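Working notes, beginning with the structure itself.
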Number of protein chains: 4
Amino acid sequence: MPRNTRLNPRKTAGQERSRATVDALIEATARILVREGFDRASTNHVADVAGVSVGSLYQYFPSKEALVAAVVDRHTQKIQRTVQAELIGIEAESLERGVRKLIAAAIEGHRVDPKLHAVVAEQIPRVGKLQKISDSSRANITRFREFLDSHQKEIRTLDLDLAAFVCVSSIEALTHNAVLHHAETFSTEAMHGLADEATRLIVGYLKK
Amino acid sequence: MPRNTRLNPRKTAGQERSRATVDALIEATARILVREGFDRASTNHVADVAGVSVGSLYQYFPSKEALVAAVVDRHTQKIQRTVQAELIGIEAESLERGVRKLIAAAIEGHRVDPKLHAVVAEQIPRVGKLQKISDSSRANITRFREFLDSHQKEIRTLDLDLAAFVCVSSIEALTHNAVLHHAETFSTEAMHGLADEATRLIVGYLKK
Amino acid sequence: MPRNTRLNPRKTAGQERSRATVDALIEATARILVREGFDRASTNHVADVAGVSVGSLYQYFPSKEALVAAVVDRHTQKIQRTVQAELIGIEAESLERGVRKLIAAAIEGHRVDPKLHAVVAEQIPRVGKLQKISDSSRANITRFREFLDSHQKEIRTLDLDLAAFVCVSSIEALTHNAVLHHAETFSTEAMHGLADEATRLIVGYLKK
Amino acid sequence: MPRNTRLNPRKTAGQERSRATVDALIEATARILVREGFDRASTNHVADVAGVSVGSLYQYFPSKEALVAAVVDRHTQKIQRTVQAELIGIEAESLERGVRKLIAAAIEGHRVDPKLHAVVAEQIPRVGKLQKISDSSRANITRFREFLDSHQKEIRTLDLDLAAFVCVSSIEALTHNAVLHHAETFSTEAMHGLADEATRLIVGYLKK
DNA sequence: GATGAATGAGCGTTCATTCAT
DNA sequence: GATGAATGAACGCTCATTCAT
């Protein structure tokens, strides 16, 4: 077996270029979304800003919807990566410290790109491919349920599915509203207060 | 001089006609929004479905935005009326029963026209006149704060503004998600379970 | 023959009212034309400003064109009255003094309502009933030809029709351009200079 | 390296195509303006007649106004080229022969496309970008002033600016009216008579 | 592949005109 | 007569998408 000098084989020139084009398009769309709004994110404008032709845009994305979906996906993934990073080692934590970590993670998630988050939440119509925008919520519920599972001893008897729904919905709403609709109300300091309250809310609900 | 037997004089023919046209337009818009989505709610289509001419639409609404805003307003008001009705006598109730009533009211509010609610929440871009779509949330926070004020004795020491924010956000999210995103999960029966859980969540958070 | 106690019999109430409505409509149109431009002179807007209904507008004017034509006619007549007044006794004058009077009269004519004049000349498309906007020019040529006729002794031998065309065109152009396009160039004082030059131009051309 | 025999490289296919589209649009607009009038020159109709789509029209002209302005500009430039051609060597001419040449040039200018000229003068509202329609007149005054400057010896003492204004206004009016409003009166023969008269008018006014 | 000129359905909106009251 | 709500053809314009080069 010949020694594999490169574990991550260099992409072919073509692949690299393709990748760069796709990235430029997604990036351009995100920028326009944030700076000029969804209404101004026409495919021609996006292509312009990305420095490619409209034709190329359609080479990589079959429709405008697909392009926007890619932006949303990329954003969602960034958030997930951030949140996951915050959640390392959470299984070992007590219920209370675990919940607090989860809430801190949710807040961090909303800090990834709050302006894009706002546009995604408020300007992009959830239709067709964009329906699933709220899908990440379902994943969060599942994950939280697992967390509850592994902390059964500390919590009172309850329907874990229902409880996961209750907790995740509350945490998401608190975080989302605080960051997007009440940013003026919540200074960085007040944000900690919010995290405390949210923790109390959730833990009080779950604990024996 | 003949006695005018009617104190509330019959509306003039013109007023009646105008009112009917306005109603037809708002109704048509709501129907299209629900059945065909925001994208298909073009002014010409709305006028068609309302059985009037585009010209008439613009006689009463200066722009498409204003028309949609009227639909949202009417929907919001319907919800408010429903909620208010559910809330009669709430001041006399204990904290726990009051909170339960509030949650029940929120659920009823979401039952007014869930499909339109979904479209308003997910398809209508919050831009221009439509920015204020989430304003009712602020009003709810204020109202809830008053409720807390009048139940000071029963609740632990806390920042009432913050607490109101936490509670209202949670209740809204729970209700909204249950009705709109997890309708399949929640039977009427399960909905009661949800109300119970929500009550427990909020009361547990507030109580001494 | 019964004594006619009133030479100008009072108009019937209906006639008076009609006349008032017609006047109000023409006046409103003129105002809008001047203040907001031809594009904004919609029939509805005119009726509004005139304080009558669109329906009434169409009672008196069969079309928007007819309404605008009435405004133009009224303006033209005002000018003609002004000009005629300036021209009294002109037959008795020498060629030179007569020409000077004519030019002064043309300038006065342009002073009647320069802003309306500008709109008529620059914004109203000369189409249909409005074609004849320049007709007054033809009348002026005829009148000037008569003036030349009565001053035959003082002028050299020439084709009077052609001469009248030359003189009237020149005088009108000079006056019009001075007032409308070079208002900044011509102070009241400079306007006299212009009258002098115009007189010299015309007299020099006609004299023996 | 092969020698590039062509200094003016062939236009790229794209450039040629673009140019053809632009030309077709301007040409179609001019035709419609002449044959059907300004009111019928809707952007859709223009595109139709040009054999392109409305979209293409807007690829090259940001607004209807810009399109019409382009037509007017092209027409004005054609006239200027014609006039310039007629004016070659005018500096060497005597005052009288120079003026005659100028007048002949003005007449030729009006012969370029009299019907379009009429539409430009009478149907196109001077608003926005179209305000400057009469700008060429100012240029003509400046040019004429230079002519007067170089013939100072032959002319009497006078304010050259004022004189230029007087002469250019008169010549333009005579030419314009003769061609556009009195075409029936002026046969080709009579046109020469007009040129004679105009020359006499202007020269008589300027000469010592 | 990449380009960008071309497409055209469809949008929001206006306004001269009509007609039931 | 007067009213003004109603009409609807038509307008200027946009933009997701296609396709010849």
Side-chain angles (χ1 to χ4, degrees), chain A residues 13-14 17-18 21 39-48 51-67, chain B residues 12-22 39-48 50-67, chain C residues 13-14 17-18 21 39-48 52-67, chain D residues 12-22 39-48 51-67:
Chain A
R17 224 177 142 201
S18 291
T21 302
D39 276 1
R40 306 231 16 188
S42 71
T43 49
N44 281 289
H45 188 25
V46 167
D48 252 24
V52 304
S53 64
V54 227
S56 289
L57 186 157
Y58 278 88
Q59 194 83 38
Y60 296 107
F61 298 96
S63 67
K64 184 187 173 178
E65 208 177 12
L67 175 62
Chain B
T12 68
Q15 279 174 325
E16 258 173 37
R17 218 176 156 197
S18 291
R19 183 65 213 232
T21 301
V22 167
D39 276 0
R40 301 233 19 187
S42 73
T43 51
N44 281 290
H45 188 31
V46 167
D48 259 17
V52 303
S53 65
V54 226
S56 287
L57 189 158
Y58 279 91
Q59 194 114 90
Y60 297 106
F61 300 96
S63 67
K64 184 188 171 178
E65 209 177 14
L67 175 62
Chain C
R17 226 178 140 198
S18 290
T21 302
D39 276 1
R40 306 231 16 186
S42 71
T43 50
N44 281 290
H45 188 25
V46 166
D48 252 24
V52 303
S53 64
V54 227
S56 289
L57 186 159
Y58 278 88
Q59 194 83 38
Y60 296 108
F61 298 96
S63 68
K64 184 187 173 179
E65 209 179 12
L67 175 62
Chain D
T12 70
Q15 281 174 324
E16 259 173 36
R17 216 174 158 202
S18 291
R19 183 66 212 231
T21 301
V22 168
D39 275 0
R40 302 232 19 187
S42 73
T43 50
N44 282 291
H45 188 30
V46 166
D48 259 17
V52 303
S53 65
V54 226
S56 288
L57 187 159
Y58 280 90
Q59 194 115 89
Y60 297 108
F61 299 96
S63 66
K64 184 188 171 178
E65 210 178 11
L67 175 62

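Lettering follows sequence order; numbering is per chain, from 1. Remember, predicted model here, so these are calculated numbers, not experimental data.
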- Task: For dC13(F), take OP1 and OP2 only and decide whether either is under 4.0 Å from a side-chain N or O of Y58(D).
- Result: yes
- Query: Could you state the CZ-P distance from R40(D) to dA10(F), rounded to the nearest angstrom?
  - Reply: 9 Å
- Query: Between dT7(E) atom P and Y60(D) atom OH, what is the distance in whole Å?
  - Reply: 10 Å
- Message: With a cut-off of less than 4.0 Å, is there a side-chain N or O of T43(B) near OP1 or OP2 of dG12(E)?
- Response: yes
- Query: Tell me, what's DNA chain F's dot-bracket, Watson-Crick or G-U with both distances under 3.5 Å, | for other-strand, [ ] crossing?
  - Reply: .||||||||||||||||||||
- Message: Check the phosphate of dT3(F) against S56(C), side-chain N and O only, distance under 4.0 Å to OP1 or OP2. Yes or no?
- Response: yes
- Note on the structure: Between R40(C) and H45(C), the two heavy atoms sitting closest are O-CD2, 3.2 Å
- Note on the structure: In short, V54(D) meets A47(D) closest at the heavy-atom pair N-CB, 3.6 Å
- Query: Is there a side-chain contact between F61(B) and T43(B) (heavy atoms, below 4.5 Å)?
  - Reply: no
- Message: Just the rounded figure in Å: distance from C1' of dT7(F) to CG of N44(B).
- Response: 12 Å
- Under-4.0 Å side-chain N/O to phosphate OP1/OP2 contact, S53(A) with dG4(E): no
- Between atom CD in Q59(D) and atom P in dT18(F), what is the gap in whole Å? 17 Å
- Here the distance between atom C1' of dC13(F) and atom CD of E65(D), to the nearest Å, is 14 Å
- Query: Do any N or O atoms from the side chain of S63(A) and from the backbone of A66(A) form a donor-acceptor pair under 3.5 angstrom?
  - Reply: yes
- Locate the shortest heavy-atom distance separating Y60(C) from S18(C); write the atom from each residue and the value. OH-OG, 3.2 Å
- Message: Within the 4.0 Å heavy-atom criterion, would you say S63(D) contacts the bases, only the backbone, or no part of the nucleic acid?
- Response: sugar-phosphate
- Query: Taking for each residue the nucleotide of DNA chain E with the nearest heavy atom, is it V52(D) or G55(C) whose nucleotide lies nearer the 5' end?
  - Reply: V52(D)
- Task: Find which nucleotide of DNA chain F each of P62(D) and G51(B) is nearest to by heavy atoms, and output the residue with the more 5' nucleotide.
- Result: G51(B)
- Would you mind reading off the distance between L57(A) atom CG and dA16(F) atom C1', rounded to a whole angstrom? 10 Å
- Message: In whole Å, I'd like the distance from the CG atom of D39(C) to the P atom of dG12(F).
- Response: 11 Å
- Once you round it to whole Å, what is the distance between P of dT18(F) and CZ of F61(A)? 16 Å
